[in-house]
Each structure stands twice: as structure tokens, then as C-alpha cells.
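Reviewing the structure listed below.
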Amino acid sequence: MLTVTFAMLPFGAWLAFTAAALILAIQHDAWFGAAGVFGWGATVMLAGDNFVQPALIGGAARLPLVWTLIGILGGLETFGLVGLFAGPVVMAALYSIWRDWTTPGAAVVDRVGLC
């Protein structure tokens with residue numbers, strides 16, 4: 001429950017499952033269990049942060065994965081927690097403008113609904 005609650009904060013979930021692993025290792029002397037808790041938490045967080053979140057955000061806007069990652073990281077650094085959502089929106093808008101400028105007739109085709 002703490003991991004889910006702290007996941008709303010940047011690096012909060014990392015802090016929660018690292019603390020759980022340390023408590024397990026120190027109080028119960030279960031080093032392999034602590035390594036398992038930390039390894040599982042790290043795997044889930046890395047997969048979610050690097051693959052699932054960009055796919056969900058980039059899929060709706062037809063934004064490539066690299067652009068989505070740049071939007072998430074840049075938005076997070078610039079706007080904080082709100083930047084997780086504002087960054088990809090700004091990147092989608094910039095990508096759409098760039099695509100319209102570089103592809104002749106793309107804006108007309110998108111408006112007509114032929115694409």
C-alpha cells in the first residue's frame with residue numbers, strides 16, 4: 001500500500017520498496033528475501049517507467065517512443081509532477097506542427113480525414 005501511495009511522488013515508489021527491503025534485511029536477517037523484494041520492485045518500476053507509461057502516453061498521440069521519453073523527462077524536470085502529463089502534451093503539439101511543416105499536404109489530408 002505504501003508503494004502505491006508513494007508512487008505518486010517522483011522516486012517515491014523506489015523509496016518505499018527500498019525501505020521495505022532494508023527493514024526485511026535488518027530486522028529479520030532475510031538477505032535473499034530483501035534482494036528479491038528490491039529486485040522485483042526495481043523490475044516493475046523500470047518496466048513501467050520506461051515502457052508502459054511511454055506506450056500509453058505516446059500511443060494516444062501517435063508520438064514516437066523517443067519523443068515521448070523526452071517529453072516525460074523534460075516535463076518532469078521543468079514542471080515537476082505536473083510535467084509528467086504536460087511534457088508529452090507539449091511534445092505531441094510540437095511533433096504535430098513539425099510533421100505538418102515537413103510533410104507537404106499533411107495538414108489538408110488530416111483535416112479531410114483521408115489519413
Side-chain angles (χ1 to χ4, degrees):
M1 291 300 288
L2 281 175
T3 304
V4 171
T5 304
F6 280 105
M8 301 299 171
L9 302 171
F11 299 108
W14 285 91
L15 184 69
F17 68 77
T18 301
L22 286 174
I23 289 171
L24 186 63
I26 293 171
Q27 288 185 351
H28 300 290
D29 202 28
W31 295 98
F32 289 115
V37 167
F38 184 79
W40 179 255
T43 301
V44 169
M45 287 304 297
L46 289 173
D49 286 346
N50 294 322
F51 299 108
V52 175
Q53 185 180 11
L56 289 174
I57 294 172
R62 294 182 300 179
L63 194 61
L65 179 68
V66 174
W67 285 71
T68 306
L69 286 173
I70 291 170
I72 290 170
L73 294 175
L76 184 63
E77 184 173 334
T78 305
F79 301 116
L81 189 59
V82 176
L84 286 174
F85 305 101
V89 169
V90 170
M91 288 303 286
L94 292 174
Y95 181 70
S96 176
I97 292 169
W98 177 69
R99 189 178 57 206
D100 287 346
W101 280 346
T102 58
T103 306
V108 174
V109 172
D110 285 343
R111 286 189 200 118
V112 175
L114 299 175
C115 186

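G83 and P88 make their closest contact through O-CD, 3.7 Å (heavy atoms, listed as atom of the first residue, atom of the second, distance).
The only member of L24, L22, T18 that meets side-chain contact (heavy atoms from CB on, under 4.5 Å) when paired with F38 is T18.
Hydrophobic clustering (side-chain heavy atoms under 4.5 Å, transitive across Ile, Leu, Val, Met, Phe, Trp, Tyr) keeps V90 apart from V82. Put simply, F11 and F17 are part of the same group of oily side chains (I, L, V, M, F, W, Y) that touch within less than 4.5 Å, one to the next.
Looking at heavy atoms from C-beta onward, W98 lies in side-chain contact with T102 at the 4.5 angstrom threshold. Looking only at side-chain heavy atoms (C-beta outward), W14 and L46 come within less than 4.5 Å of each other.
Using modelled atom types, no side-chain atom of S96 and backbone atom of A92 make a donor-acceptor pair closer than 3.5 Å.
In this structure, the separation between CD1 on I72 and CD on E77 is 14.0 Å, given to the nearest 0.5 Å.
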